[in-house]
Engineer: 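After the C-alpha cells below, expect a handful of questions from me.
No experiment lies behind these values; they were computed from the predicted model shown.
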Amino acid sequence: MKNATEERWIAANLDHSTEWYASRIAFLEQFMGEERRATLRRALDGRTDYVAVCLENTFHPQNASAIMRTCEAFGVQNIHTIQEHCKFNPNINIVRGTDKWIDLHSYGSTTDAIASLKSKGYRIVATSPHANDRTPESFDVAAGPFALVFGTEQEGISEQVSAAADEFIRIPMCGLVESLNVSVSAAVLLYTMTGRIRSEVSDWGLDEHRRQLTLWKWYMESVRDSINILEKYFDK
C-alpha cells in the first residue's frame with residue numbers, strides 16, 4: 001500500500017496524455033516479471049467504466065470490504081462512496097489488497113455524488129425491493145452507462161437517491177425475506193449485469209487513454225520505489 005505522500009504524487013499525475021503513461025509503463029516493465037505483466041494486462045482487458053457502483057453511507061466494514069472485492073472480481077473499475085453520515089471504512093484483512101486495483105471516489109453528500117455521476121453520463125439506477133422495478137434480466141444494459149446505487153444497511157436508499165434515480169432495479173426472490181444483505185445484493189447484480197454488458201454492449205471496455213492510465217497506476221503499485229525510479233529517468 002502506498003503511503004500518503006506517494007498517493008498524493010500519483011493523484012497529481014492523473015491528467016497526462018496517453019503517450020505520457022505509455023512511455024512510463026514501458027520503462028517500468030523492466031522491473032517486473034513476465035508473468036506479473038501478463039496477469040495485469042489480462043485483468044485490464046476485463047475492466048469496465050460502463051457500470052459503476054455507488055455506496056450511500058455504507059456502515060459495516062465487512063460489507064464495504066465484500067463489495068470492494070466483488071467489484072474487483074467482476075472488473076468494475078469505479079466505486080463511488082457517499083460518506084455524509086458515516087465513513088467508508090473497509091476492513092484491510094477482508095479487502096486483502098484489492099483496493100489497489102480499483103478507483104475509489106468519495107463524496108461528502110448524496111447531492112454531490114449524484115451530480116458527479118450524471119455529469120459523467122451515468123444513468124442512476126437505485127437498488128430496491130419494490131415489486132414493479134426492473135430485474136437484472138429485464139434491465140436494458142445497452143441503453144447507456146449506469147451506476148448502481150446501494151443504500152445504507154438499515155434504511156436502504158435515501159429519498160434523495162429515490163428522487164434522482166432514472167430507474168430502479170430489484171432482485172426477484174421466492175422466499176419470505178424481503179431483501180438481501182447489501183454485499184450479497186451487489187454480488188448478485190454485478191455477476192449478472194457485467195456478464196450481460198460483455199455480451200450485449202460493444203464498447204463496454206476501457207478506452208485507450210483509460211487503459212494506459214489504469215495500467216500505469218497498477219505498475220506504480222507493483223514496482224517497488226516506482227516514484228523515485230520515474231523521477232530519476234523522466235522529467236516531471
Side-chain angles (χ1 to χ4, degrees), residues 48-91 95 99 102-173 177-194 196-197 201 204:
T48 186
D49 286 336
Y50 192 89
V51 56
V53 164
C54 181
L55 305 175
E56 186 183 32
N57 296 309
T58 301
F59 177 75
H60 293 291
Q62 295 92 332
N63 288 329
S65 308
I67 294 172
M68 186 174 288
R69 284 175 62 87
T70 296
C71 287
E72 202 288 318
F74 294 128
V76 176
Q77 186 61 29
N78 294 283
I79 298 178
H80 300 259
T81 66
I82 300 168
Q83 303 182 49
E84 190 166 6
H85 301 303
C86 56
K87 184 179 180 180
F88 182 78
N89 189 30
N91 186 318
V95 171
D99 56 310
I102 61 172
D103 295 329
L104 191 63
H105 314 268
S106 61
Y107 306 88
S109 72
T110 298
T111 299
D112 289 345
I114 296 298
S116 177
L117 288 166
K118 288 196 170 187
S119 73
K120 293 176 172 64
Y122 285 108
R123 291 177 285 162
I124 305 301
V125 182
T127 57
S128 76
H130 300 157
N132 295 323
D133 299 339
R134 297 288 186 180
T135 67
E137 294 77 20
S138 65
F139 178 78
D140 187 359
V141 297
F146 57 94
L148 293 171
V149 185
F150 297 88
T152 189
E153 288 89 343
Q154 294 294 329
E155 303 296 333
I157 57 172
S158 67
E159 292 183 2
Q160 282 180 284
V161 170
S162 183
D166 299 298
E167 298 179 65
F168 294 84
I169 193 166
R170 66 182 176 89
I171 300 172
M173 290 174 282
V177 299
E178 294 184 355
S179 63
L180 297 170
N181 172 275
V182 63
S183 64
V184 175
S185 295
V188 171
L189 289 175
L190 290 177
Y191 171 76
T192 302
M193 299 178 81
T194 56
R196 287 190 59 206
I197 65 171
V201 179
W204 61 266

Engineer: Main chain of N181, side chain of S185: is a donor-acceptor contact present, judged purely on distance under 3.5 Å?
Structural biologist: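 Side chain of S185 to backbone of N181: a pair is present.
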Engineer: Please work out whether the ring planes of Y107 and H80 are parallel, tilted or perpendicular, with thresholds of 30° and 60°.
Structural biologist: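 Taking H80 first and then Y107, their aromatic rings lie parallel (interplane angle under 30°).
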Engineer: Among residues at least two apart in sequence or on other chains, which ones pass ring-ring contact (aromatic ring centres under 6.0 Å, His included) with H85?
Structural biologist: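 H85 satisfies ring-ring contact (aromatic ring centres under 6.0 Å, His included) with no residue once adjacent residues are dropped.
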Engineer: Counting C-beta onward and ignoring hydrogens, is there a side-chain heavy-atom pair between L180 and M173 closer than 4.5 Å?
Structural biologist: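 Yes, side chains in contact.
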Engineer: Does the side chain to side chain donor-acceptor pair (under 3.5 Å) test come out yes or no for Q160 and T111, once each step is laid out?
Structural biologist: CA-CA 7 Å; Q160 282 180 284; T111 299; 2.8 Å; yes
Engineer: Side chains of N63 and F150, heavy atoms from C-beta outward: is any pair under 4.5 Å?
Structural biologist: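 The answer is no; the side chains never approach within 4.5 Å.
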Engineer: Would you check if I171 and L189 make a side-chain contact, meaning some heavy-atom pair closer than 4.5 Å?
Structural biologist: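 SC-SC contact between I171 and L189 confirmed.
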Engineer: With heavy-atom distances below 4.5 Å as the criterion, would you say the side chains of E167 and F146 are in contact?
Structural biologist: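 E167 vs F146: side chains apart.
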Engineer: Given V141, which partner from the list T194, I197, T192, V51 fulfils the side-chain contact (heavy atoms from CB on, under 4.5 Å) test?
Structural biologist: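 Single pass found, and it is I197.
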Engineer: Less than 4.5 Å apart, any side-chain heavy atom of L148 and any of L190?
Structural biologist: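 Sidechains of L190 and L148: in contact.
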Engineer: Looking at residues at least two apart in the chain, or sitting in another chain, which of them share a salt bridge (Lys or Arg N to Asp or Glu O under 4.0 Å) with E84?
Structural biologist: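 For E84 there are no salt bridge (Lys or Arg N to Asp or Glu O under 4.0 Å) partners, ignoring immediate neighbours.
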Engineer: Does D133 reach the side chain of I169, with side-chain heavy atoms less than 4.5 Å apart?
Structural biologist: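 Sidechains of I169 and D133: no contact.
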Engineer: With sequence neighbours left out, what residues match E159 under side chain to side chain contact (heavy atoms under 4.5 Å, CB included)?
Structural biologist: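 By the side chain to side chain contact (heavy atoms under 4.5 Å, CB included) rule, E159 matches no residue at all.
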Engineer: Any chance the side chains of E56 and T110 put a donor and an acceptor closer than 3.5 Å?
Structural biologist: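 Short answer, yes.
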Engineer: Quick check on K118: does its NZ atom have over 12 non-hydrogen neighbours (other residues, nucleotides or ligands) under 6.0 Å away?
Structural biologist: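 Atom NZ in K118 is crowded, with more than 12 foreign heavy atoms closer than 6.0 Å.
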Engineer: Can you tell if the side chain of T58 reaches within under 4.5 Å of the side chain of T81, non-hydrogen atoms only?
Structural biologist: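 The answer is no, as the side chains (C-beta and beyond) never meet within the 4.5 Å cut-off.
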